[in-house]
Amino acid sequence: MQILLYNELDPDIINGFAKWRSFMEADDLKSADVKKIGDNLYRARLNRSDRLLLSFYRHNGERYALVLEYLESHDYAGSRFLRHGTTVDEDKIPPLEEAPANPPVLAYVNAAHPRFNLLDKVISFDKNQQAVYALEPPLVIIGSAGSGKTALTLEKLKGCRGDVLYVTLSPYLVKNSRDLYYAHQYVNPHQQVDFLSFDEFLESIQIPNGKPVNFRHFADWLSRLPRLAIKDAHKLFEEFRGVLTGPSVEAAYLERGEYLNLGVRQSIFPEDERPLVYDIFTRYLVFLQEQRLYDSNILSHQYLQKINPRYDFVVVDEVQDFTNIQLYLILKALRNPSGFVLCGDSNQIVHPNFFSWSKLKSLFFTHGELQADTGMVCILHTNYRNAPQVTELANRILLLKNARFSSIDRESNYLVHSNGHVQGEVLFLQDCDNIRRELDAKTRASTRFAVVVMHAEQKAAAQRHFNTPLVFSIQEAKGLEYDNIILYNFLSDEDKRFREISHGVKHEDLQQDELRYARAKDKTDKSLEIYKFYINALYVALTRAVRNLYWIEANPKQRLLDLIGLRDALDTLNLDSQDSSLEEWQREAHKLELQGKQEQAERIRREILQQQAPDWPVYRDESLAHLHQQAIRQGDRKARLALFEYALVYEDRYFLRDLRLANFKPARHPAHGIKQLQQKYYLPYMAKNPLALRNQINRLGVDFRNPFNQTPLMVAAWLGNAVLVEELTARDADTGLTNNNGFTAFQIALQQASKDEKYARQHLADIYSLLEPDSLSIQIDGKLQKLDKRSMEFFLLNLMIALFYRVLPVNVMGKGGYCSQDIIDAITHFPAEVLTSQRKQRAYISGIFAKNEMYRPDPYNRKLFYRVRHGHYLFNPTLMLRVESEWVNIYDLLNLDKLAYQPKNTPDWWDNEEQQSWDQWLDDGREHIKQQLQQVRGALLNEALAMLKILCEQELHKIQDSS
């Protein structure tokens with residue numbers, strides 16, 4: 001048996017490791033004292049007190065024991081790989097006599113390097129990857145799709161200390177990379193990592209006015225302009241983004257004269273067309289202002305004056321999607337100008353930006369403050385994702401691109417070597433009825449097949465023949481991968497352009513083992529700039545296929561197809577059906593939604609899941625106000641019952657008071673209505689086998705709303721049904737949705753656990769990690785901050801939101817706010833899996849409050865709280881949260897009108913009989929609370945004016961001193 005050691009373990013400090021290793025290599029598991037304690041998780045005894053955790057795998061017929069963790073003094077509680085609170089009674093576990101017969105398979109093992117890295121899965125770096133991993137920054141890593149460049153950069157990120165940034169263009173890639181990074185409870189106490197999309201990075205400098213412009217905005221606007229001599233939206237958008245606004249870091253965009261005088265290779269358009277292009281560009285600038293859109297290139301230049309160095313290390317993933325000005329802005333955030341890693345693949349450029357590695361090197365050359373060794377470029381040649389058959393075809397595209405356009409730069413001049421552990425095939429098919437019918441019939445119900453076309457306007461033609469919702473343009477397909485890709489009329493719809501692309505290329509040009517480096521001799525030839533999108537789009541489309549590619553063309557006799565070896569198109573096909581379950585389709589819809597593919601996600605829900613709208617009213621905002629009017633003013637009996645039920649769900653004292661005054665008798669004894677409420681609405685959530693609820697979810701969707709504006713996940717969290725929470729989250733229920741109190745399912749669970757000891761002890765540990773979001777996006781001083789779930793600020797802010805309606809009214813009446821004792825009372829029974837004992841200490845909680853006071857001078861101050869008086873805090877009144885993609889002020893999210901004061905010595909609100917005094921408490925309490933909060937806001941305004949006055953006086957003194 002072979003031993004592989006986790007890369008962060010040092011065998012020299014593990015007592016008895018060498019002796020134990022000799023036992024394992026001799027397959028003497030009895031002497032190694034190995035016992036199974038989990039799913040492919042084993043413990044081995046080193047000595048009386050110390051243990052190892054390991055897993056078994058196999059590769060190419062060889063067995064491997066992977067050493068995961070070293071536990072000193074039986075420290076199972078501190079293990080990354082065991083759930084917190086898990087106890088291991090070693091005496092009750094029989095020893096393992098021999099290794100498991102069929103352990104999981106490793107895709108690759110570098111036999112020359114007996115170490116492994118770990119993200120969501122085991123990673124063994126090949127020789128080239130290991131060499132790159134050992135290098136120090138600055139570093140540029142170039143690799144094809146599936147080359148492992150993201151995994152490599154994430155592992156390099158783990159070795160960085162201080163404030164660290166991972167940034168890329170795609171929000172989905174950000175989330176995926178964060179999940180990979182923190183898989184298996186990875187912890188590095190020496191770093192603080194921000195995972196941001198580029199839009200979030202801009203927001204962290206200052207929240208822009210409006211939304212970012214995208215190609216769809218641009219194309220729609222361009223199509224409405226009358227009498228345009230130039231109508232190619234892709235070509236214009238690339239010119240605007242990659243020539244007029246992207247390359248220069250000296251100005252937001254080129255002036256007319258500068259643009260007209262560009263060299264022949266610096267623009268897509270010939271000199272005689274550039275005046276027309278610039279005329280359209282000036283109209284584009286007006287369009288942005290009128291529609292409250294922003295161009296991220298122009299905004300990046302404006303933000304150069306606002307950016308401050310705040311990171312010790314930066315990783316820019318998919319760097320080919322960035323322009324020079326965007327990248328320059330990111331690197332200006334570095335404290336150490338050389339502390340960065342850039343990784344990408346210029347062959348995958350389908351976003352218009354005019355990127356090339358040579359332009360990137362020019363950026364470093366002309367801006368020496370970036371301090372980059374531009375020679376430190378590493379290329380990863382090996383593909384571990386795609387089937388060899390797909391990789392071979394992709395290489396032919398690269399050979400054709402090189403033969404036709406010569407080398408773009410040395411860094412992009414490489415072919416890909418396949419080490420894919422899956423086999424597949426490439427099928428070239430005639431676009432005919434029987435082929436389309438066969439493919440459609442066998443793939444329409446499968447999440448493993450997707451159709452890719454060149455342009456968005458070509459999707460309609462594909463959708464007439466293929467009924468799958470998974471139809472993508474090439475820009476939409478970027479970043480996706482499917483087992484099977486149907487490439488539909490990719491060339492036939494752009495016949496003229498691909499004839500030009502293949503012009504002059506010979507068969508022998510594609511018979512090379514490597515790309516030959518040669519620059520184009522004719523500098524006036526703009527072919528590459530004009531056709532780069534099309535040849536890159538073809539390369540990207542092919543490499544979306546993990547296993548099989550089904551390439552369909554209406555015109556199969558095209559020169560490019562002949563050059564790459566696709567000559568005889570098949571007109572018959574026999575394919576097995578590969579239907580997916582409804583749960584798989586629900587997960588696919590959720591994944592696409594996260595990736596911003598809203599159109600495909602909605603089609604899945606409409607056409608596959610056939611989700612319907614509920615046939616009942618959902619009470620919120622205007623509909624709730626209308627219900628109140630019907631019940632109280634119009635005396636509608638049915639409306640009164642609905643309002644009463646709503647009041648019970650949300651513990652709304654004001655609605656109950658209004659119902660009592662309207663002589664609705666059940667409101668006098670609301671506790672009696674709870675049982676009927678549960679039987680009417682919530683029994684399906686309590687069943688051991690909730691078939692009725694599952695049927696309802698299949699019909700209405702996993703996030704449907706009941707009459708009280710609660711999703712199934714919110715109800716399951718409210719009831720503490722951990723089994724149901726797990727089932728709903730496995731079906732990708734949205735944890736970010738809020739109810740009428742402004743609470744997410746996570747905050748509902750915190751609310752229930754804070755007031756119910758049984759809930760906290762028996763249910764919270766099982767549902768907490770399922771409901772907990774990765775982060776909480778907040779806005780302070782006009783800037784985005786992401787509170788990661790690992791921080792105490794994240795926990796404290798969510799808990800305070802959960803306590804808002806219950807704790808705050810009493811404290812504000814006493815002219816205070818939240819205090820440490822409120823938090824301690826709420827978390828007393830929270831299990832260690834949720835909150836460690838250290839985080840429950842009064843001094844620790846008080847320190848978090850004090851550290852984040854809004855006027856405290858501290859660079860790490862989140863400015864979350866306003867101190868009312870010593871030890872008492874309210875939310876910073878300017879605090880905003882991103883709720884369901886929109887920014888909302890904390891006091892607009894949490895409804896002040898619902899704050900109802902109840903003295904601590906009164907009976908429980910359900911059974912209070914002193915109606916007159918109770919109603920007076922409500923009215924007096926609400927007005928007092930509002931007055932207190934208005935005083936807080938007024939005090940803040942006065943403080944702000946005072947600070948402004950001081951700043952003005954300081955500036956005046958400076959002017960006087962200078963004169």
Side-chain angles (χ1 to χ4, degrees), residues 387 389-390 393 424-477 480-495 537-538 540-558 561 566 568-593 595 597-611 698:
Q389 296 83 354
V390 174
L393 186 61
E425 61 181 344
V426 174
L427 292 176
F428 183 40
L429 305 167
Q430 174 72 52
D431 185 14
C432 56
D433 288 343
N434 59 308
I435 289 289
R436 291 193 300 263
R437 281 197 298 268
E438 174 73 10
L439 273 174
D440 180 48
K442 301 297 175 61
T443 67
R444 68 173 67 177
S446 175
T447 59
R448 294 180 290 279
F449 282 79
V451 180
V452 178
V453 297
M454 178 77 77
H455 300 304
E457 54 267 26
Q458 295 166 334
K459 286 162 51 176
Q463 288 164 351
R464 284 195 293 269
H465 303 297
F466 301 102
N467 289 294
T468 175
L470 304 177
V471 180
F472 303 94
S473 67
I474 192 60
Q475 279 94 356
E476 292 173 326
L480 301 178
E481 57 182 72
Y482 287 92
D483 278 357
N484 309 278
I485 289 292
I486 300 170
L487 204 60
Y488 186 64
N489 280 332
F490 217 74
L491 272 59
S492 299
D493 287 342
E494 294 287 355
D495 181 79
L538 182 55
V540 169
L542 298 180
T543 53
R544 299 312 91 200
V546 175
R547 292 180 181 271
N548 304 308
L549 179 70
Y550 301 88
W551 191 335
I552 305 174
E553 291 290 349
N555 178 14
K557 301 297 183 182
Q558 299 185 57
L561 293 168
L566 299 181
D568 299 318
L570 302 175
D571 57 7
T572 59
L573 178 67
N574 187 15
L575 189 66
D576 293 333
S577 294
Q578 302 184 43
D579 292 357
S580 300
S581 66
L582 290 178
E583 288 78 10
E584 288 174 314
W585 277 109
Q586 286 171 339
R587 285 192 290 271
E588 184 68 20
H590 182 67
K591 181 188 76 173
L592 291 169
E593 206 163 39
Q595 293 171 306
K597 311 298 187 294
Q598 195 67 39
E599 176 191 329
Q600 290 80 4
E602 288 175 357
R603 282 195 64 196
I604 289 172
R605 295 192 173 103
R606 184 175 65 251
E607 298 172 15
I608 302 293
L609 304 176
Q610 297 184 345
Q611 292 176 357
N698 289 337

Determine whether a donor-acceptor pair (N or O, by modelled atom type, separation under 3.5 Å) exists between the side chain of R544 and the backbone of L480.
yes
Under a 4.5 Å cut-off applied to non-hydrogen side-chain atoms, are N489 and Q458 in contact?
no
Criterion side chain to side chain contact (heavy atoms under 4.5 Å, CB included) on L592 and I604, from CA distance to verdict
CA-CA 10 Å; L592 291 169; I604 289 172; 3.8 Å; yes
At their closest point, which heavy atom of G424 faces which heavy atom of A387, and how far apart are they?
N-CB, 3.5 Å
Find the distance between NZ (K597) and CD (E588) and round it off to the nearest 0.5 Å.
11.0 Å
Results of side chain to side chain contact (heavy atoms under 4.5 Å, CB included) for N484 - residues two or more places apart only:
R448, F449, N548, Y550, Q578
Do L561 and L491 pass the side chain to side chain contact (heavy atoms under 4.5 Å, CB included) test, and can you show the C-alpha distance, the side-chain angles, and the key distance before you say yes or no?
CA-CA 9 Å; L561 293 168; L491 272 59; 3.7 Å; yes
Among all residues two or more places apart in sequence or in another chain, which pass the salt bridge (charged side-chain N to carboxylate O under 4.0 Å, His left out) test with E553?
none
Any ion pair linking K591 and E584 (charged N to carboxylate O, less than 4.0 Å)?
no
Under a 3.5 Å threshold, yes or no: a donor from one side chain and an acceptor from the other, between Q558 and S492?
yes
If you take all heavy atoms of A456 and S473, which pair is closest and at what distance?
N-CB, 3.7 Å
Output the distance between atom CD (Q430) and atom CG (L570), rounded to the nearest 0.5 Å.
10.0 Å
Residues in side chain to side chain donor-acceptor pair (under 3.5 Å) contact with E457, at least two apart in sequence or another chain:
none
Grab the two heavy atoms, one from I485 and one from A541, that are nearest each other, plus how far apart they are.
CG2-O, 4.1 Å
Please list, chain by chain and in numerical order, all residues satisfying side chain to side chain contact (heavy atoms under 4.5 Å, CB included) with D576, sequence neighbours excluded.
none
So, D483 side chain and V546 main chain: donor-acceptor pair closer than 3.5 Å or not?
no
Once salt bridge (Lys or Arg N to Asp or Glu O under 4.0 Å) is applied, what residue pairs with a partner in residues 463-472 remain, sequence neighbours excluded?
none
Less than 3.5 Å apart, any donor N or O on the side chain of E593 or Q600 sitting next to an acceptor on the other?
no
Please step through side chain to side chain contact (heavy atoms under 4.5 Å, CB included) for the pair L609 and Q586, ending with a clear verdict.
CA-CA 8 Å; L609 304 176; Q586 286 171 339; 3.6 Å; yes
With a 4.5 Å limit on heavy-atom distance, are the side chains of L429 and L439 in contact?
yes
Looking at R606, is its backbone amide N or carbonyl O close enough to the side chain of Q610 to form a donor-acceptor pair, meaning the two atoms are under 3.5 Å apart?
no
Tell me, do D493 and M454 make a side-chain contact under 4.5 Å, heavy atoms counted?
no
Run the side chain to side chain donor-acceptor pair (under 3.5 Å) test against R547 and tell me which residues pass, sequence neighbours left out.
none
Residues in salt bridge (charged side-chain N to carboxylate O under 4.0 Å, His left out) with E607, at least two apart?
R603
Going by side chain to side chain donor-acceptor pair (under 3.5 Å), name the residues that satisfy it together with Q463, two or more places apart in sequence or in a different chain.
none
Who are the ring-ring contact (aromatic ring centres under 6.0 Å, His included) partners of F466, not counting sequence neighbours?
Y488
Locate the shortest heavy-atom distance separating W585 from P469; write the atom from each residue and the value.
CH2-CD, 3.9 Å
Measuring from I608:CD1 to L470:CG, what's the distance to the nearest 0.5 Å?
8.0 Å
Separation between OG of S446 and OH of Y482, rounded to the nearest 0.5 Å
10.0 Å
Assess, by modelled atom type and distance only, whether the side chains of Q475 and H455 contain a donor and an acceptor separated by less than 3.5 Å.
no
With sequence neighbours excluded, tell me which residues meet side chain to side chain donor-acceptor pair (under 3.5 Å) with D440.
R444, N467
Between V453 and F472, is a side chain to side chain contact (heavy atoms under 4.5 Å, CB included) present by the stated rule, with each step listed?
CA-CA 6 Å; V453 297; F472 303 94; over 6 Å; no
Testing L542, L393, L487 for side-chain contact (heavy atoms from CB on, under 4.5 Å) with V426, which one passes?
L393
Do N434 and T572 touch side chain to side chain, with heavy atoms closer than 4.5 Å?
yes
Salt bridge (charged side-chain N to carboxylate O under 4.0 Å, His left out) partners of E583, counting only residues at least two apart
none
Considering residues at least two apart in sequence or located in another chain, which fulfil the salt bridge (charged side-chain N to carboxylate O under 4.0 Å, His left out) criterion with D431?
R436
